[in-house]
Structure formats: C-alpha cells, structure tokens
**Q** 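My questions all concern the structure below.
When reading the values below, keep in mind they use all heavy atoms of this one structure, side chains included, and skip hydrogens, waters and symmetry mates. Each residue takes its place number in the sequence, starting with 1. Since we're looking at a predicted model, the values are computed, not measured.
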Amino acid sequence: MLSSMRHVVPDSNHRKRFASWFAALTRASKMGAARNPETLNTRAAGIIGLAVMCSRLLGQAREQIFAALFGGGRYMDAFTAAFRIPNLLRDLFAEGALSTAFVTTFSKTAVQSETAAWQLANRIVTLAAVTMSAVTLVGILASPWIVSILAPGFDPEKIALTVALTRIMFPSILLVSLAAVVMGMLNSRNVFGMPALASSFYNLGAIVAGVGIGWWLDPQFGPRALTGLAIGTLVGSALQLAVQLPGLARLGYVFRPDFRWRDAGVKTVLLLMGPSVVAASSTQINVMVNTAFASSFGDGPVFWLSIAFRLMSLPLGLFGVALGTVSLPMLSRLIASGDPAGFRSELARSMRLSFLMTIPASLGLMLLAEPIISVLYQHGKFSAWEAAQAAGALRFYAVGLCGYAALKVLVNAFYVIDRRKTPMVISIIAIGLNLLVNWIFTFHLDWGFRGLAFSTSCIATINFVILYALMHRQLGHFETAAMVKLWGRVLIAGAVLAAICWAGNYWLLGDWATMRFLPKFAALLAVIVAAGGGFFFCAGLLGVAEVNSLIAAFRSRLRR
C-alpha cells in the first residue's frame with residue numbers, strides 16, 4: 001500500500017504563466033495556503049464560479065436543446081421524472097453527503113499525516129464503488145415501484161416510458177459517486193478548477209451523445225429518441241469522472257483497493273454522512289415531493305418546474321456552491337489549527353458574499369422571468385404559452401434563492417464544528433413542513449404547480465433562519481451587525497436594480513411573447529447589464545466592503 005503512494009512535491013512550473021484560460025484556471029486553483037486566506041478564498045471562489053458558470057450554461061444549453069426537440073409536455077415530463085430518481089440518490093450519497101463528509105475528514109487527516117489521508121481515500125473509494133454498485137442494481141430492479149411513488153399522477157403509458165428511462169440512467173450514480181470522492185481529494189489539496197469544470201464535461205457528453213444517439217434511433221425525435229438522452233446521461237457521467245483522474249495522478253495518488261473499512265477515518269466519514277444524507281439534500285427531497293404533486297396537473301408541469309429550478313440554480317451554483325466548496329476545506333483547516341476566531345470571521349464573510357451576489361440575482365429573476373424563459377426556451381416545439389407557465393414557477397423559486405445559497409455555506413460549517421445532527425434535525429422538520437405548505441399553496445389557495453415552487457422557497461428560507469440562529473448561539477458572536485448593515489445597503493441597491501428591470505420590462509420587453517429572437521435577446525441583455533451595473537455601482541457608493549473585495553480580486557485576475 002505504502003509503495004503505491006508518493007509524496008506531493010510542488011512543481012515550480014505550476015507558477016509560470018500559461019497562455020490559455022484553462023491553464024490559468026488550473027494554476028490559480030492550486031495556490032497554497034501561504035497566501036492571505038481572505039484573498040485565497042475570494043480568488044478560489046471566483047475560479048469555481050467561472051467553472052460552475054460554464055457547467056451551468058452547458059446545462060442550460062442541454063435543457064434548451066431537449067426542449068426544442070421534444071417540446072415542454074408529455075415526453076419531457078417522463079424524461080425529467082426518470083432523471084430525478086438517480087439524481088436524488090446522487091445528491092444524497094455522492095455530491096451531497098459523501099463529498100461533504102469526505103472533504104471534512106480528509107482535510108483534517110492531511111493536517112496530521114499525508115500518507116494517512118491517501119490511505120483513507122483508497123478505503124472510501126473502494127467502499128463507494130461496492131456500495132453504489134449494489135444501490136444501482138437494486139434501483140434498476142425496483143424502478144417500477146419507485147416511479148409509481150414519484151409520479152403517481154402519470155398515466156400507464158407515461159409510467160412505462162419513465163421506468164424504461166430510469167433503468168438506463170441508474171448506473172450514473174456509481175460514476176458520479178466516484179467523481180465526487182475524486183473531487184473531494186482535489187479540493188482538499190486546493191485544486192478547484194478541474195473538479196468544477198468536470199460538470200461541464202458531463203453536460204457536453206449528455207448533449208453530444210444524447211442528441212446523436214436520439215437522432216439515430218428516431219430522426220423525428222419522438223418517444224424512442226428519449227432512449228438516446230438517457231444513454232447520453234451515462235456518457236456524461238463517465239466523462240465527469242475521467243477528466244479529474246489526471247489531476248489526481250499529478251498529486252501522487254495511485255488507487256489500490258482497500259477493504260479495511262473498520263478504520264477510524266472511514267467510520268468518521270460514515271458518521272458524518274448519516275446526518276448529512278438528510279440535511280444536505282432536503283431541497284432535493286422537497287423537489288421530489290413537488291414532482292409527485294406536479295404529476296397530477298397533466299402534461300408539462302414536471303418539466304416546467306425543472307426548467308425554473310435549473311434557472312434558479314444558475315446563480316446558486318455560480319455563487320452559493322462556489323463559496324460553499326471553497327469555504328469547507330478552509331473552515332476545516334481553521335478548526336483543525338485551533339483558530340475559532342478565524343473560523344467565525346471566515347464563515348460570516350462567506351455568507352455576506354453569498355448575500356451580496358444572490359440578492360440582485362433573485363430580484364432579476366423575479367422581475368424578468370418571462371423574457372428570460374422566452375429567450376432561452378421558446379424555440380422549436382417549445383411554445384410561448386409553455387414559456388409563460390415555466391416563468392411563473394421561476395418567479396416563486398427565485399424568492400428562496402438567497403436562503404438556498406446561504407445554506408450551502410452554513411450547513412458545511414455545522415459539519416466542521418461536529419454539530420452534524422443539527423442540520424439533520426432541522427431538515428427533517430423542513431421536509432415534513434414542506435408537505436403541509438405544498439398542500440396549502442397548491443390546493444387550498446389553488447396556486448397549482450406554482451405553489452409548489454413557492455413552498456420550496458419558503459422552506460429553504462425558514463431552514464436558513466433557524467440554522468443561522470443556532471450558529472449565532474453556538475459561536476456567541478457572529479458579526480450580525482455587519483450582516484444587518486450589508487442587508488440594508490444591498491436592499492437599497494436592489495431598489496435601483498428593480499426600477500431598471502421594471503422600466504426595461506415596460507419599454508423594451510412588453511411584447512416578449514411575439515418579439516423575434518435577436519431583438520428580444522438584445523433588449524434583455526441590455527436590461528440585465530444596466531440593472532447589474534446600477535446595483536453594484538450603488539452598492540459601491542454605499543460603502544459595501546465586499547464589493548471592493550470582489551473588484552480587487554477581479555483586477556488581480558486581469559493583471560495576472
């Protein structure tokens with residue numbers, strides 16, 4: 001075992017300038033902790049933000065292409081429901097619980113012994129491969145039962161199509177689970193660029209292979225062509241894992257199967273995973289509940305909700321996930337080195353950055369929902385009426401964007417201080433409360449599928465408020481005054497953004513449903529640029545310190 005590993009020796013070539021953006025992204029992601037932690041965290045968050053933006057944009061392109069080819073009704077409902085089943089398990093065991101628990105444990109182990117950390121990695125990779133293979137087999141066999149629970153409102157023909165697609169896509173959970181462990185190892189060694197870019201390769205594989213195989217099976221893109229989209233999902237998952245392996249090899253890691261799962265490190269990861277299976281994926285569970293409710297509203301709502309949630313996830317991934325990914329190893333090192341004051345300051349700062357960047361995004365999505373959906377999706381078989389329906393869901397999802405993003409940072413902090421049961425308990429309560437709120441908004445108030453989006457946002461916000469209060473109590477002092485001051489100034493700047501969006505909607509985008517694509521795109525882009533510029537200009541005038549931090553990081557990137 002020991003002979004299969006070698007220590008990591010810093011390569012001076014990594015410090016040289018590279019001509020391409022990709023190389024610059026990789027070089028910047030590998031900067032060590034010797035730099036000022038605040039500068040490192042901001043820069044690394046920017047690196048991940050760029051990579052995640054690339055992935056999210058490709059994800060948007062993937063859904064836009066699928067929507068244009070199949071429309072926004074029956075067929076995409078079936079594919080969306082089938083995709084969500086392994087996707088939920090992926091969030092539960094891979095990109096959620098496993099990644100978070102592994103990064104926390106691996107980072108703390110590496111502080112004591114690099115060799116022990118690599119040994120832990122071998123054991124976790126072996127355990128993940130064996131466990132997820134078993135889960136995949138069970139999932140394939142149980143697909144009819146799972147689909148009947150997930151989409152009880154589907155008719156028999158729609159259920160049969162969903163089951164067939166689910167069985168094809170289920171093995172993706174194995175591939176993505178391994179990719180999540182590899183990502184955790186790279187992030188713990190301050191390598192952020194390629195792990196964040198890996199999702200882009202997933203989307204590329206899903207688009208190219210999915211559309212290509214779908215066209216080969218059915219050039220008219222009927223229900224048979226959906227099989228191609230499902231196979232494309234597997235191709236994308238394999239690429240997501242494969243592109244990260246060279247970076248791991250450069251760190252000196254060589255995999256050897258290790259079945260010694262009684263190791264203390266493995267037990268720690270599993271203990272962390274237990275509560276985080278619930279806590280880190282409460283949003284996804286609520287989305288699955290929404291799918292079950294939405295299946296009873298006919299053809300379309302399942303896919304419309306998916307479109308809206310993905311668009312809301314674009315700024316969430318760009319800002320919330322980026323800050324959460326960067327802050328996790330940073331917070332773990334601060335606790336491991338006995339620096340609670342640094343932990344408190346870094347956590348508060350990450351949350352302020354999260355709010356600064358998601359509040360304008362939330363306002364923009366709410367005010368410009370219809371033209372945004374129209375520009376992105378109103379092509380091919382996807383109609384203006386379907387765009388308006390999806391926009392209604394987007395507006396309500398955007399209400400909870402700030403809560404979603406802050407949770408990405410805050411939940412990780414509870415794991416780092418070994419309070420993993422707290423988010424779990426709150427999430428269990430939130431899941432139960434979501435069922436009640438869903439019924440109230442959807443059926444009692446007759447908001448239909450839009451009520452499902454609004455209830456999800458309400459639950460995310462409530463979840464954040466409770467966890468914030470508990471963390472404040474845990475730390476004693478949580479820089480709340482600075483947080484309140486930020487909110488006040490950002491809301492003033494947000495009023496400027498809202499005014500610009502309202503004017504743009506009235507003067508430039510009033511006829512969005514019938515406008516041609518290029519004029520509509522140009523008008524929407526102009527409104528977004530003007531609104532964003534107005535927001536950050538106003539925030540800078542109001543003395544928001546985090547704006548200066550972002551500008552400094554951007555200028556540093558331009559100089560380099």
Side-chain angles (χ1 to χ4, degrees), residues 63 66-67 70-85 88 147-159 161-162 282-313 362 365-374 376-378 381-401 403-404 430-462 505 512-513:
E63 277 205 345
F66 293 172
F70 295 93
R74 182 180 186 83
Y75 295 153
M76 288 309 297
D77 265 4
F79 178 80
T80 301
F83 177 79
R84 280 183 176 169
I85 294 172
L88 170 65
V147 171
S148 66
I149 294 177
L150 172 66
F154 284 1
D155 58 63
E157 182 182 353
K158 201 171 179 180
I159 286 179
L161 177 59
T162 305
S282 60
T283 297
Q284 289 296 326
I285 294 175
N286 289 336
V287 169
M288 297 290 280
V289 171
N290 288 355
T291 301
F293 276 88
S295 68
S296 63
F297 289 99
D299 293 334
V302 172
F303 186 52
W304 300 335
L305 286 169
S306 175
I307 288 174
F309 191 79
R310 176 171 291 280
L311 278 172
M312 188 274 293
S313 297
S362 177
L365 288 175
M366 284 189 284
L367 293 168
L368 300 172
E370 285 87 357
I372 288 175
I373 293 285
S374 178
L376 293 176
Y377 289 96
Q378 193 180 328
K381 297 179 182 179
F382 198 91
S383 67
W385 179 80
E386 290 170 330
Q389 300 305 307
L394 173 60
R395 184 172 288 108
F396 284 121
Y397 269 135
V399 173
L401 175 58
Y404 284 125
I431 291 170
L433 184 61
N434 184 58
L435 290 169
L436 174 62
V437 178
N438 268 348
W439 179 83
I440 293 174
F441 289 130
T442 302
F443 297 111
H444 184 68
L445 297 180
D446 199 26
W447 288 7
F449 68 92
R450 296 176 182 84
L452 301 175
F454 187 62
S455 66
T456 302
S457 293
C458 290
I459 296 304
T461 304
I462 293 171
N505 259 331
W512 64 267

**Q** Given side chains that start at C-beta, do those of Ser295 and Pro152 come closer than 4.5 Å, heavy atoms only?
**A**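 With C-beta onward as the side chain, the pair touches.
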
**Q** Which residues pass the ring-ring contact (aromatic ring centres under 6.0 Å, His included) test with Phe303, not counting sequence neighbours?
**A**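 ring-ring contact (aromatic ring centres under 6.0 Å, His included) list for Phe303, sorted by chain: empty.
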
**Q** Would you say Leu161 and Arg74 make side-chain contact, with heavy atoms under 4.5 Å?
**A**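 In short, these two side chains do not touch, never coming nearer than 4.5 Å.
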
**Q** The criterion is side chain to side chain contact (heavy atoms under 4.5 Å, CB included); which residues satisfy it with Ile440, sequence neighbours excluded?
**A**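 Listed in chain order: Leu436, Leu445.
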
**Q** Starting at OG1 of Thr461, measure out to OH of Tyr404 and round the result to the nearest 0.5 Å.
**A**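 Answer rounded to 0.5 Å: 8.0 Å.
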
**Q** Drop me the distance from Arg84's CZ to Thr291's OG1, to the nearest 0.5 angstrom.
**A**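 Interatomic distance, Arg84 CZ to Thr291 OG1, rounded to 0.5 Å: 3.5 Å.
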
**Q** What is the distance from atom CG of Asn290 to atom OG of Ser455, rounded to the nearest 0.5 Å?
**A**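 With rounding to 0.5 Å, CG (Asn290) is 5.0 Å from OG (Ser455).
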
**Q** Considering residues at least two apart in sequence or located in another chain, which fulfil the side chain to side chain contact (heavy atoms under 4.5 Å, CB included) criterion with Ile372?
**A**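 Here the qualifying residues are Leu311, Leu365, Leu368, Leu376, Leu524.
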
**Q** I'd like to check Leu305 versus Phe293 (side-chain heavy atoms, cut-off strictly below 4.5 Å). Are they in contact?
**A**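 No; the side chains remain at least 4.5 Å from each other.
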
**Q** Under the rule for side chain to side chain contact (heavy atoms under 4.5 Å, CB included), what residues qualify as partners of Gln389, not counting sequence neighbours?
**A**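 For Gln389, the residues satisfying side chain to side chain contact (heavy atoms under 4.5 Å, CB included) (neighbours in sequence not counted) are Trp304, Trp385, Phe449, Arg450.
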
**Q** If the condition is side-chain hydrogen bond (donor to acceptor under 3.5 Å, both in side chains), which residues does Ser362 pass it with, not counting sequence neighbours?
**A**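 Ser362 satisfies side-chain hydrogen bond (donor to acceptor under 3.5 Å, both in side chains) with no residue once adjacent residues are dropped.
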
**Q** For Ala384, which residues count as a side chain to side chain contact (heavy atoms under 4.5 Å, CB included) partner, sequence neighbours excluded?
**A**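 Listed in chain order: Gln378, Ala513.
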
**Q** With a 3.5 Å cut-off and sequence neighbours excluded, list the donor-acceptor pairs that the side chains of residues 392-400 form with protein atoms.
**A**
residue, atom, partner, partner atom, Å
Arg395, NE, Met366, O, 3.0
Arg395, NH1, Glu370, OE2, 3.3
Arg395, NH2, Glu370, OE1, 2.6
Arg395, NH2, Glu370, OE2, 2.8

**Q** Tell me, which pairs form a side chain to side chain donor-acceptor pair (under 3.5 Å) where one or both residues lie in residues 439-448, sequence neighbours left out?
**A**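 Applying side chain to side chain donor-acceptor pair (under 3.5 Å) to every pair that reaches into residues 439-448, excluding sequence neighbours, yields nothing.
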
**Q** Donor-acceptor pair, Thr80 side chain versus Asp77 backbone, under 3.5 Å?
**A**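 Not at all, since once roles are kept as given, no pair shorter than 3.5 Å links the two residues.
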
**Q** Measure across Ile459 and Ala430 and return the closest heavy-atom pair with its distance rounded to 0.1 Å.
**A**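 So the minimum-distance heavy-atom pair works out to CG2-CB, 3.5 Å.
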
**Q** Applying side-chain hydrogen bond (donor to acceptor under 3.5 Å, both in side chains), name anything that partners Asn434, two or more places apart in sequence or on another chain.
**A**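 Only Asn286 meet the side-chain hydrogen bond (donor to acceptor under 3.5 Å, both in side chains) criterion with Asn434.
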
**Q** List for me each residue that meets side-chain hydrogen bond (donor to acceptor under 3.5 Å, both in side chains) alongside Asn505, sequence neighbours excluded, and say none if there are none.
**A**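 With neighbours one apart ignored, the set is empty.
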
**Q** Among residues at least two apart in sequence or on other chains, which ones pass ring-ring contact (aromatic ring centres under 6.0 Å, His included) with Phe154?
**A**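 Here no residue qualifies.
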
**Q** Taking Thr456 for its side chain and Leu452 for its backbone only, find out whether a donor-acceptor pair lies under 3.5 Å.
**A**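 The answer is yes, because a donor-acceptor pair under 3.5 Å joins these two groups.
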
**Q** Taking side-chain hydrogen bond (donor to acceptor under 3.5 Å, both in side chains) as the test, write out the residues that go with Glu63, two or more places apart.
**A**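 Glu63: side-chain hydrogen bond (donor to acceptor under 3.5 Å, both in side chains) contacts with Ser306, Arg310, Tyr377.
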
**Q** With the side chain counted from C-beta on, respond yes when Glu386 and Lys381 share a heavy-atom pair under 4.5 Å apart, and no when they do not.
**A**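 The answer is no, as the side chains (C-beta and beyond) never meet within the 4.5 Å cut-off.
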
**Q** Is the number of heavy atoms from other residues, nucleotides or ligands under 6.0 Å of Tyr75 OH greater than 12?
**A**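 No, OH of Tyr75 has 12 or fewer neighbouring heavy atoms, counting only those of other groups under 6.0 Å.
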
